[in-house]
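Let me begin by presenting the structure, written as structure tokens, before commenting on it.
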Amino acid sequence: MKIVLCIKQVPDTSDIQWTENNTIQRDGVESIINPSDCYAIETALKIKETVPNTTISVLTMGPPQAVEILKSAISVGADEAFLVSDRKFAAADTIATSRTLAAAIKTVVPDYDLIICGQFAIDGDTAQTGPSIAQNLDIPQITYVQKLVSCDEEKVVVEKEVEDGIEVLQAELPALLCVKSADELRRPLISGFENALKADIKVLSAENIGLDASEVGMKGSPTYVSKAFRPEQKCSGEIMLFEDCGKTIENLKQKISEYLK
Ligand code: FAD
């Protein structure tokens with residue numbers, strides 16, 4: 001079976017800073033594989049261990065330095081990797097990003113069975129890219145995947161987190177999963193590092209994936225960030241330690257009546 005993994009390089013910080021053009025400040029910040037994409041990779045590797053003749057192709061859309069995360073994916077067991085990179089892709093919103101990734105998938109792995117994404121990226125954090133890729137390819141999707149139950153050549157069964165519990169869902173393949181959690185990503189073996197060093201990572205331009213400049217990057221993006229700001233903190237919270245039930249309720253009542261005064 002053929003698995004496609006979409007992974008994203010993100011700044012290694014929860015304190016995202018913005019440039020004056022309202023884009024995310026990436027200069028001078030260490031980069032890592034987006035955390036939920038590590039779960040996506042581990043999920044793909046688990047399937048590869050159980051379904052014979054499985055291959056994993058990894059894609060990222062990003063600048064040249066994003067090749068590092070592709071090498072990391074190869075080092076843990078992915079078979080091939082593609083860097084979707086072109087100056088024309090710059091300033092893409094999520095619509096242009098997912099259109100570009102969908103076109104890249106159709107170009108390099110047209111007979112894919114399963115596409116696996118992370119649930120959300122810690123920088124953009126829209127959680128739109130995976131569902132939008134599925135929409136572009138007209139295939140079923142399951143989001144908020146928290147556990148892989150089983151997978152074979154025909155179907156995938158997963159546990160999906162919902163507000164009041166867990167749903168077990170099955171999708172016929174081809175399908176797309178957005179993975180929120182799974183086992184921690186395994187560490188590479190020495191042979192994995194060797195594979196990563198030897199890997200021939202192909203770069204795909206807009207032309208290579210059959211998209212016109214008007215469909216990608218800023219020109220292909222109907223939305224833009226007009227303003228980015230950190231919401232002002234209006235008041236601070238207070239943690240009340242639970243000592244005994246009666247005492248805590250009394251403390252709380254006192255706080256509320258002081259507030260109401
Ligand atoms: P999510 O949708 O939260 O990611 C979910 C999953 O999708 C990830 O876990 C991963 O599996 C997959 N995924 C996401 N992005 C990629 C990727 N690039 N390659 C492979 N897989 C991926 N960015 C700029 O650099 N410059 C801009 O000018 C710019 N303008 C933007 C304007 C708007 C209005 C918006 C909404 C975003 C803009 N962005 C810009 C951010 C850019 O669109 C996002 O980085 C990208 O679309 C992914 O969205 P996200 O970070 O919310 O990922």
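In each ligand, atom 1 is the first atom listed, and ligand 1 is the first ligand listed. Worth knowing before you read on, the calculation uses all heavy atoms, side chains too, and leaves out hydrogens, waters and symmetry mates. Each residue takes its place number in the sequence, starting with 1.
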For this session: List every atom of ligand 1 that sits less than 4.0 Å from any heavy atom of T126, numbering the atoms from 1 in the order shown and giving each element.
Result: 1 (P), 2 (O), 3 (O), 49 (O), 50 (P), 52 (O)
Exercise. Taking both backbone and side-chain atoms of C117, is any N or O found less than 3.5 Å from an N or O belonging to ligand 1?
Worked result: no
Exercise. Is the shortest heavy-atom distance from the side chain of R99 to the side chain of V216 under 4.5 Å?
Worked result: no
Exercise. Looking at E159 and I166, what are the two nearest heavy atoms and their distance?
Worked result: CB-CG2, 3.7 Å
Exercise. Are K2 and D111 ion-paired here, with the side-chain N under 4.0 Å from a carboxylate O?
Worked result: yes
For this session: Check each atom of ligand 1 against the heavy atoms of D123 and keep those under 4.0 Å away; list them by number with element.
Result: 51 (O)
For this session: Please name all residues satisfying side chain to side chain donor-acceptor pair (under 3.5 Å) with K48, sequence neighbours left out, ordered by chain then number.
Result: D79
For this session: Could you check T248 against N251 for side chain to side chain donor-acceptor pair (under 3.5 Å), going step by step and ending with a plain yes or no?
Result: CA-CA 5 Å; T248 308; N251 281 342; 5.7 Å; no
For this session: Might you point out which heavy atoms bring L70 and L59 nearest each other, and give the distance in Å?
Result: CD2-C, 4.1 Å
Exercise. Any nitrogen or oxygen of Y224, main chain or side chain, under 3.5 Å from a nitrogen or oxygen of ligand 1?
Worked result: no
Exercise. Looking at T94, which atoms of ligand 1 are within less than 4.0 Å of one of its heavy atoms?
Worked result: 43 (O), 47 (O), 49 (O)
For this session: Report yes if A92 has an N/O atom closer than 3.5 Å to an N/O atom of ligand 1; otherwise report no.
Result: yes
For this session: May I ask you to check if ligand 1 and Q119 share an N or O to N or O distance below 3.5 Å?
Result: no
Exercise. Got a salt bridge between E161 and K180, using NZ or NE/NH1/NH2 to carboxylate O under 4.0 Å?
Worked result: yes
Exercise. Under 3.5 Å, N or O to N or O, is L59 touching ligand 1 that way?
Worked result: no
Problem set entry | Atom indices of ligand 1 within 4.0 angstrom of N34 heavy atoms, with elements | 9 (O)
Problem set entry | Ion pair check, K261 and E258, cut-off under 4.0 Å | no
Problem set entry | Nitrogen or oxygen of T223 less than 3.5 angstrom from that of ligand 1 | no
Problem set entry | Non-hydrogen side-chain atoms of V58 and I74 separated by less than 4.5 Å | no
For this session: Identify, by atom number and element, the atoms of ligand 1 in contact range of I7, meaning under 4.0 Å from any of its heavy atoms.
Result: 19 (N), 20 (C), 21 (N)
For this session: Mark up the atoms of ligand 1 that fall under 4.0 Å of a heavy atom belonging to G124, in ascending order.
Result: 50 (P), 51 (O), 52 (O)
For this session: Find all atoms of ligand 1 within a distance of less than 4.0 Å from any non-hydrogen atom belonging to Q128, and give their numbers and elements.
Result: 2 (O)
For this session: Look only at interatomic distance and state if A127 has a nitrogen or oxygen under 3.5 Å from any nitrogen or oxygen of ligand 1.
Result: yes
Seminar exercise, completed: the protein heavy atom lying closest to atom 9 (O) of ligand 1 turns out to be D37 OD1, 2.4 Å
For this session: Go through the structure and list residues passing salt bridge (Lys or Arg N to Asp or Glu O under 4.0 Å) with D93, not counting sequence neighbours.
Result: none
For this session: Could you pull out, from Q9, K180, M61, the option with a heavy atom nearest to atom 19 (N) of ligand 1?
Result: M61
